[in-house]
Protein chains: 2
Amino acid sequence: MEIPKSDFSEWYNSIIKDAELCDIRYDLKGFVVFRPWAVMTMNRMFTIYEKELESKGHVPALFPALIPESYLMKESEHVEGFVPEVFWITAAGNNPLEERYAMRPTSETAMYSMYSLWIHGLKDLPLKIYQRCQVWRHETKATKPFIRSREFYWIEAHDAFATEKEAEAQVKEDMGITEKILHQQFCVPFFFFKRPQWDKFAGAVDTYGADALMPDRKALQLPSTHMLGQNFAKPFNIKYMDDNEKEQYVWQTCYGPAISRIYAAVIAVHGDDKGLVLPFDIAPVQIVIVPIVKKETKEKVMKKCRELEKKLSEKYVVKLDEGEDTPGAKYNYWEMKGVPIRLEIGLRDIEKNSVMLFRRDTKKKEPVAVEKLEGTIEKLREEIRKNLKEKADKWFMEQNDKADSMEEFEKKVETRGFIRIPFCTDQMEGKPCAEIIRDKVHANIRGSLYGEKEKPRGKKCIACGKPAKIYLYASRQY
Amino acid sequence: MEIPKSDFSEWYNSIIKDAELCDIRYDLKGFVVFRPWAVMTMNRMFTIYEKELESKGHVPALFPALIPESYLMKESEHVEGFVPEVFWITAAGNNPLEERYAMRPTSETAMYSMYSLWIHGLKDLPLKIYQRCQVWRHETKATKPFIRSREFYWIEAHDAFATEKEAEAQVKEDMGITEKILHQQFCVPFFFFKRPQWDKFAGAVDTYGADALMPDRKALQLPSTHMLGQNFAKPFNIKYMDDNEKEQYVWQTCYGPAISRIYAAVIAVHGDDKGLVLPFDIAPVQIVIVPIVKKETKEKVMKKCRELEKKLSEKYVVKLDEGEDTPGAKYNYWEMKGVPIRLEIGLRDIEKNSVMLFRRDTKKKEPVAVEKLEGTIEKLREEIRKNLKEKADKWFMEQNDKADSMEEFEKKVETRGFIRIPFCTDQMEGKPCAEIIRDKVHANIRGSLYGEKEKPRGKKCIACGKPAKIYLYASRQY
């Protein structure tokens, strides 16, 4: 890495290329190729999410990637939100199609058309289905690998319930999953914001987004969970017969962790001047072994390295680097790739019956006795997680600030993260004030902090000057 | 199940619906929804294939689902083979696109455009990349769930080598993977046929297909592996610098296990009059526990059931059916769903410290002492696999036949499987003879049996009457 992380935008472009995460040379604007080192991590992230969703009663299904126009058009707000970004298929072979098909920008309309056929009575509820897939949106904003592209990979979970209360509990469950995986396992801190009414998911009653901060202090929107109420149940006619033999519309929620974008957050939050720093559990290689050999010691050293490789491979993903490069070049390479633990083994180590262990996250090196190696690695697995999380949490919390006037906000937004401001309202009437902030300060309202009870007293909306009813948070954004 | 398997076509449609594998009511011709019970099995099949491919040095990547027209048009045979089936994207939002994009019908052209950027020298070879994805083809033939649809799920592995010899070895390795997984693990028998020149993959030098037999004795084409030679390397300009500093084109192979289609074979080959019969390792539920309770014994029985559920869940996927239905209804339901092992537990079993164990594949029931249960199940896992494989192999081998004249072939093709016939040639000049067989007998040439050395002596091609140079196999097909 030649570019320091302090120059974040350039650092990001450079690590994407140097660590071979993604190739932007595919000849289709806004589309990229996800390369093996990235996909291996993303696959681990997918598996962690899928397991968690299944443990909460979700089952997987696969719906067509193409959506008939008639399905897509059923919910009017949804249409307005997504149709401007839809890719349309209009021909097959040499013939035009009779009806054009949309490539799914999201799957509500594909799935709920079937839900109305599958749900009849209370025995069919709750229905909790997730799908692992990609979606396509003709983004007009600038694209950036993993952060925003016209094709991205996600899981979308779509749940239907008999009661509003169960749907509300599901929203909380989804947020719990985000906290457990994204924060506790991937060590990416974020705030949950309830989006203002003008910025919720197209068709939702309420949207709760998890917003992380990139190193340049711009917000990155991560998994959102949406309370859909009966907004889709009505146009899609999803009803069940209740105990009194009366037809009732279901209550719905949906949740969409975009794995490719979460991967961007992992790269950006943990990386450093030397390259990637990957959490142990999602690293494609968890331990790299670098032999330190001279011609005359090669046989003995390689034998020991292979022994350790075999043993550690029972539990971890281990790579023994037998390449021709110098040890120093190998160190740099695997540090850049973000491998959490490196073992260096030379003749002197073997004589002392120890190995040199390097931790990518702290960049510290120390000798470890061979008989203590497995125990040490098992302890490090948790220590690395804890260290990455604490470091990220600390930085994240330091970036947050408050501002009570437009002037103060304008100044702080250049150098700070999420900034709390008094605001007139998060209902639709507040939209013009959000537009002032967007146009004047190039910042965006993220919403109200989930769980925050405090109300502004005697303060004024920083945009319109009317009495402020609520605290909202604002920041620059990706 | 009300329809016996002897009426295969109706049985298949009925099991798809009754076991909730797939919904054909999605309003887009040729597209279906894959329902959870099917996707859970398909996901296990994907994982088995991915692990095996990775153990052979493949790494995963993800290429865009959309292919620029300029990429698709580079290899002329490939164009001819696939373009008539391509779905075209011509608009985004309300605007026409400048260049139309193809939805990938297969990924050679997307991937090899990048391979030419990634491969420079011997250090970049071999390159072995696989992608788990779906592809889209505007099939004009009749579609049938899992067997043929306009969207299907597969893994495609695309490898590049410095030498022809390595590429040939890869073709054999791919065939080994097919044998290991499809035959040994999924218990689906097949023949490897080297396709005649007129029926190889568009752009390949040679194609080796694995053909299974459905119960109606029609062939079902399963994973194919293709020797591409330098047919793509040249138009895509994939070259490396050899040791003499001379530029050389790479040699390529590709391999495409279509998971959704393999799933069709698993359903069809193992199913019976009661429904699905799933191999233990890919069953979404491996063991179902059915409590036999009266009001007064319920507490005691359920306690034991939960105990066993907990214990067995450490190793297997276990479902305790606590539903309201009668035990008999539960038996029928889980038999229809294909769950390999059922445990029935009532008060009398508890008193004898045993459970009643039912095997779906043999339909045999016997009491097993609780302390021997885990050992018994572990043994059964292998026994079930062996039994399914032997049964399927036996039936498969019995279906094959020979015919030396068109009359004999025409008669046998109605009731037999793969029929060996003397044929003029499997080179392009033999195509008119294959067309006679197709048009007259509605049967298809599958190719020459891989590994068969025997040549026809003094026999004549059953279509043109010229001296036969080769034995080919023919059958009806899906």
Side-chain angles (χ1 to χ4, degrees), chain A residues 20 23 25-28 31-40 42-43 50 59-68 70-71 83-95 97 99-101 103 110-111 113-114 117-118 123 129 131-134 136 138 140 150-151 153 260 284 323, chain B residues 20 23 25-28 31-40 42-43 50 59-68 70-71 83-95 97 99-101 103 110-111 113-114 117-118 123 129 131-134 136 138 140 150-151 153 260 284 323:
Chain A
E20 299 186 329
D23 201 312
R25 291 171 293 175
Y26 192 84
D27 197 19
L28 230 169
F31 288 76
V32 298
V33 176
F34 294 86
R35 302 190 68 175
W37 194 253
V39 176
M40 287 188 273
M42 283 168 55
N43 280 349
E50 290 177 278
V59 285
L62 292 167
F63 289 76
L66 309 192
I67 302 181
S70 58
Y71 285 8
V83 169
E85 294 186 350
V86 161
F87 285 103
W88 291 105
I89 294 159
T90 60
N94 297 313
N95 305 308
L97 293 169
E99 183 196 25
R100 60 182 188 166
Y101 309 148
M103 294 192 69
M111 293 172 79
S113 299
M114 306 311 294
L117 300 172
W118 296 344
K123 67 165 182 27
I129 290 180
Q131 147 160 296
R132 168 185 175 164
C133 65
Q134 79 260 61
W136 298 270
H138 190 260
T140 47
R150 290 182 174 171
E151 171 177 56
Y153 292 85
S260 40
Chain B
E20 299 186 327
D23 202 311
R25 293 171 291 176
Y26 191 85
D27 196 19
L28 228 169
F31 288 77
V32 297
V33 176
F34 294 86
R35 301 190 69 175
W37 194 253
V39 175
M40 286 188 275
M42 284 168 54
N43 280 349
E50 290 176 278
V59 285
L62 292 167
F63 289 75
L66 308 192
I67 302 181
S70 58
Y71 284 9
V83 169
E85 294 186 349
V86 161
F87 285 104
W88 290 106
I89 294 158
T90 60
N94 297 313
N95 305 308
L97 293 169
E99 183 197 24
R100 61 181 188 165
Y101 309 149
M103 294 190 70
M111 293 173 79
S113 298
M114 305 312 293
L117 300 173
W118 296 344
K123 68 165 179 30
I129 289 181
Q131 146 160 298
R132 167 185 175 165
C133 65
Q134 79 262 61
W136 298 270
H138 190 260
T140 47
R150 290 183 174 171
E151 172 177 56
Y153 292 84
S260 42

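Residue numbering restarts at 1 for every chain, and letters A, B, ... go by the order of the sequence lines.
When all heavy atoms of B:F63 and A:Y153 are compared, the pair lying nearest together is O-OH, 4.0 Å. For B:I89 against A:I89, the heavy-atom pair with the smallest separation is CG1-CG1, 3.5 Å. Nearest heavy atom pair, residue B:M103 against residue A:M103, reads CE-CE, 3.5 Å. Of all non-hydrogen atoms in A:D27 and B:S70, the two that sit nearest each other are OD2-OG, 4.4 Å.
For the set B:T140, B:V59, B:T90, B:N94, the entry with the most heavy-atom pairs within less than 4.5 Å of chain A is B:T90. By number of non-hydrogen pairs under 4.5 angstrom with chain B, the leading residue of A:R25, A:R100, A:Q134 is A:R25. Counting heavy-atom pairs closer than 4.5 Å to chain A, the top-ranked of the candidates B:M114, B:H138, B:M42, B:K123 is B:M114. Counting heavy-atom pairs closer than 4.5 Å to chain A, the top residue among B:E50, B:R35, B:M40 is B:R35. Interface check for chain B: of the options A:R132, A:E99, A:E85, the most heavy-atom pairs under 4.5 Å are formed by A:R132. Ranking A:S113, A:P84, A:A91 against chain B, the residue ahead of the rest is A:A91, based on heavy-atom pairs under 4.5 Å. With chain A as the partner, the residue from B:V33, B:N43, B:I129, B:V83 showing the most heavy-atom pairs under 4.5 Å is B:V33.
Neither the backbone nor the side chain of B:M111 has a heavy atom closer than 4.5 Å to any heavy atom of chain A. Residue A:A65 touches chain B through both its backbone and its side chain, counting heavy-atom pairs closer than 4.5 Å. Within the 4.5 angstrom heavy-atom criterion, only side-chain atoms of A:W118, from C-beta onward, approach chain B. Only the side chain of A:L97 comes within contact range of chain B, with at least one heavy atom under 4.5 Å from a heavy atom of that chain. Proximity to chain A (any heavy atom under 4.5 Å) is shown, for B:P68, by both the backbone and the side chain. Neither the backbone nor the side chain of B:N95 comes within less than 4.5 Å of any heavy atom of chain A. Both the backbone and the side chain of A:P60 come within less than 4.5 Å of a heavy atom of chain B. Looking at B:A110, the atoms closer than 4.5 Å to chain A (heavy atoms on both sides) sit in the backbone and in the side chain alike. Looking at B:W136, the atoms closer than 4.5 Å to chain A (heavy atoms on both sides) all sit in the side chain, from C-beta outward. Neither the backbone nor the side chain of B:E20 comes within less than 4.5 Å of any heavy atom of chain A.
Using a 4.5 Å cut-off on side-chain heavy atoms (C-beta onward), A:E151 and B:L66 make no contact. Between A:P64 and B:V32 the shortest side-chain heavy-atom distance does not fall below 4.5 Å.
A:Y71 has its ring centre less than 6.0 Å from the ring centre of B:Y26.
Judged by distance alone, with hydrogens and angles left aside, the side-chain atoms of A:W88 form a donor-acceptor pair with the main-chain N or O of B:G93 at under 3.5 Å.
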